[in-house]
Amino acid sequence: MTTAAGSKWRSLLCESSQLQLKATLLGGQSFRWKNYKSTGKGQSEDASGEFIGVFANIVWLLRQTERELQYRIVGEQLYPNAASTNAAQAPVNSETPEGKNNLAEVWMKVPEPKEFAKDSELLYPAAHYEQLLRIYFRLDVDLEQHYRKWIECHDHFANSAHRFYAVRQLDQDPVENLFSFICSQNNHITRISDLVEKLCTNYGDKICDHEGTTYWNFPSVEALANGAVEGRLRELGFGYRAKYIQGSAAKILSLGGLEWFRRLTELDYKAARTELIGLPGIGPKVADCVCLMSLNHLQAIPVDTHVFQLAKHYLSGLGNKTQAVTDKQYVLVADKFREIYGPYAGWAQTVLFCSDLRQFKDRNENRAPPGDKAVPVPKKKAKKGN
DNA sequence: TCCTTACCTCC
DNA sequence: GAGGTAAGG
């Protein structure tokens with residue numbers, strides 16, 4: 001059920017001032033995107049401007065121009081649950097109420113392809129892929145408007161925004177999101193990516209081969225709950241995270257699997273967070289990552305040691321020596337961010353987080369493109385020092 | 001309730 | 001030590 005790798009480039013309208021692919025895809029939200037260097041492309045070291053990655057059981061190639069987001073389907077498979085859920089009654093391009101538009105929910109409603117007139121070499125009509133991209137990048141949200149607001153909220157954002165334009169909060173698959181962030185504890189991005197890749201190659205299904213690389217989807221909860229998983233993951237170098245992965249998978253199954261995740265999107269933020277912390281290996285930080293990145297709770301603030309350092313822009317008296325973030329400090333910092341930035345505080349924090357990543361530091365390429373006048377250079381506005 | 005420490009592995 | 005968590009004081 002794979003697609004010929006030769007499928008053509010398609011596009012949807014999307015101003016480059018609304019989306020910066022690089023920082024959005026490589027900034028630590030998802031660990032499955034890579035800079036794409038086509039083998040045929042000669043001297044393209046790092047600057048092809050194309051990214052390859054997987055979501056919704058599709059291998060995507062993405063790039064952008066000033067006016068368009070362009071995509072190419074490298075390979076695809078049916079969503080595994082498409083046939084077994086109440087598929088048919090959800091036309092792909094129906095309007096979904098704002099705030100309820102979760103990727104996993106859409107996947108669970110993906111109709112079977114035979115219900116469509118086939119469009120060229122792909123499984124679905126172009127409108128389907130377009131909708132997946134709109135959901136994944138939350139393209140319905142006017143990001144420039146939020147930037148303007150956040151700039152007014154605090155100097156710290158104003159000083160970072162012009163260096164980091166158009167970082168979008170992805171709306172990810174909760175399964176991939178949760179298990180990826182279990183892997184993230186005490187690790188940096190490259191090793192997290194390696195571990196996530198190992199999960200996929202060992203427990204995922206193959207999607208396709210492309211230019212000598214095999215692409216896999218993210219494993220199902222069932223696959224990760226199997227009794228042999230912990231031992232195998234230890235062999236593969238997951239360390240103490242191995243037990244958390246299998247244990248969380250097993251518990252999620254006992255709670256209802258994907259249906260349990262769906263319920264969490266309907267609960268309010270605090271309730272969803274509490275549920276998540278009930279899983280082994282999930283503490284406050286990972287729970288907030290999942291709330292923010294795949295359960296549509298945009299007020300969640302994941303406070304890691306890094307964010308904790310940033311928080312000293314806002315709060316005095318956090319102490320200079322402490323290494324570990326205590327629960328009390330965590331709540332203090334998260335509440336402060338929400339107080340300053342409002343209901344989309346988590347998104348604002350993602351932008352700030354990106355702007356402080358070493359890999360992105362002092363790079364002009366992260367500035368808004370020359371033609372972009374939408375996000376004004378910071379004005380001023382004193383609000384510091386609480 | 002609040003705060004330390006061990007934990008796997010890689011760099 | 002690293003973008004944390006769970007166990008124990």
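As the structure is a computational prediction, the values presented were derived from the model and not from experiment. To find a chain, count down the sequence lines: A is the first, B the second, and so on, and within it residues start at 1.
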What is the distance from CD of Gln309(A) to P of dG3(C), rounded to the nearest Å? 11 Å
Sole candidate of Tyr344(A), Phe337(A), Trp150(A), Trp347(A) that passes ring pair (Phe, Tyr, Trp, His ring centres under 6.0 Å) when paired with Phe157(A): Trp150(A)
Within 45° of the axis and under 6.0 Å from the centre of the six-membered ring of Trp216(A), does NZ or CZ of Arg32(A) qualify? no
Could you state the atom-to-atom distance from OH of Tyr330(A) to C1' of dC2(B) in whole Å? 17 Å
Partner of Phe55(A) under ring pair (Phe, Tyr, Trp, His ring centres under 6.0 Å), picked from Phe137(A), Tyr129(A), Trp60(A), Phe218(A), is Trp60(A)
Check whether any side-chain nitrogen or oxygen of Thr326(A) sits under 4.0 Å from OP1 or OP2 of dC3(B), and answer yes or no. yes
Nearest-neighbour nucleotide for the Thr305(A) side chain, dC3(B), dC8(B), dG4(C) considered: dG4(C)
Whole-Å distance between dC7(B) C1' and Asn187(A) CG? 12 Å
Work out how far the P atom of dC10(B) is from that of dA6(C), and round it to whole angstrom. 23 Å
Counting a pair only when it is Watson-Crick or G-U and both distances are under 3.5 Å, which runs of at least 3 such pairs involve DNA chain C? B:2-7 with C:4-9
Within this structure, what is the NZ-to-P distance between Lys285(A) and dG4(C), rounded to whole angstrom? 6 Å
Checking ring pair (Phe, Tyr, Trp, His ring centres under 6.0 Å) for the pair Phe181(A)/Phe31(A): CA distance, chi angles, key distance, verdict? CA-CA 9 Å; Phe181(A) 278 85; Phe31(A) 302 98; 5.3 Å; yes
How many Å lie between CG on Asp304(A) and P on dT5(C), as a whole number? 10 Å
What's the verdict on side-chain contact (heavy atoms from CB on, under 4.5 Å) for Thr24(A) and Gln29(A), showing C-alpha distance, side-chain angles and the deciding distance? CA-CA 7 Å; Thr24(A) 301; Gln29(A) 299 187 56; 4.2 Å; yes
Could you check whether Phe181(A) gets within reach of a base, just the sugar-phosphate, or nothing at all, counting any heavy atom under 4.0 Å? nothing
Base, sugar-phosphate alone, or nothing: which one does Pro284(A) contact when heavy atoms must sit under 4.0 Å apart? sugar-phosphate
Between dG3(C) atom P and Ile182(A) atom CD1, what is the distance in whole Å? 18 Å
Can you say whether the rings of His128(A) and Tyr124(A) are parallel (under 30°), tilted (30 to 60°) or perpendicular (over 60°)? tilted
DNA chain B-proximal residues of residues 227-247 of chain A, any heavy atom under 4.0 Å: Arg234(A), Gly237(A), Gly239(A), Tyr240(A), Arg241(A)
Could you give the distance separating dT5(C) and dC11(B) at their P atoms, to the nearest angstrom? 23 Å
Assign each of Asp194(A) and Lys328(A) to its nearest nucleotide of DNA chain B by heavy atoms, then name whichever residue's nucleotide is nearer the 5' end. Lys328(A)
One thing to verify: whether Asp335(A) and Arg338(A) come together as a salt bridge, which I'm taking to mean a side-chain N less than 4.0 angstrom from a carboxylate O. yes
When we call it a touch if two heavy atoms are under 4.0 Å apart, what does Val307(A) touch: a base, just sugar-phosphate, or nothing? nothing
Would you measure the distance from the P atom in dG3(C) across to the matching atom in dC3(B) and give it in whole Å? 23 Å
Considering only heavy side-chain atoms of Phe353(A), the closest of dT5(C), dG3(C), dC8(B) is dG3(C)
Between Arg148(A) and Glu152(A), is the closest basic N to carboxylate O distance under 4.0 Å? no
Under a 4.0 Å N-O cut-off, is there an ion pair linking Glu50(A) with Arg63(A)? yes
Please report, rounded to the nearest Å, how far the P atom of dG4(C) is from the CD1 atom of Ile277(A). 15 Å
Mind checking if Ile189(A) touches a base, just sugar-phosphate, or nothing, with heavy atoms under 4.0 Å? base
Which part of the nucleic acid does Leu310(A) contact within heavy-atom distance under 4.0 Å: base, sugar-phosphate only, or nothing? nothing
Tell me the interatomic distance from Gln185(A), atom CD, to dT5(C), atom C1', rounded to whole angstroms. 6 Å
As a test of reading the structure: which of dG3(C), dT5(C), dC8(B) is closest to the side chain of Asn186(A), going by heavy atoms? dC8(B)
So, Glu259(A) and Arg263(A), do they make that salt bridge, N to O below 4.0 Å? no
Distance-only, no hydrogens or angles: does the Arg163(A) side chain make a donor-acceptor pair with backbone N or O of Ser160(A) under 3.5 Å? no
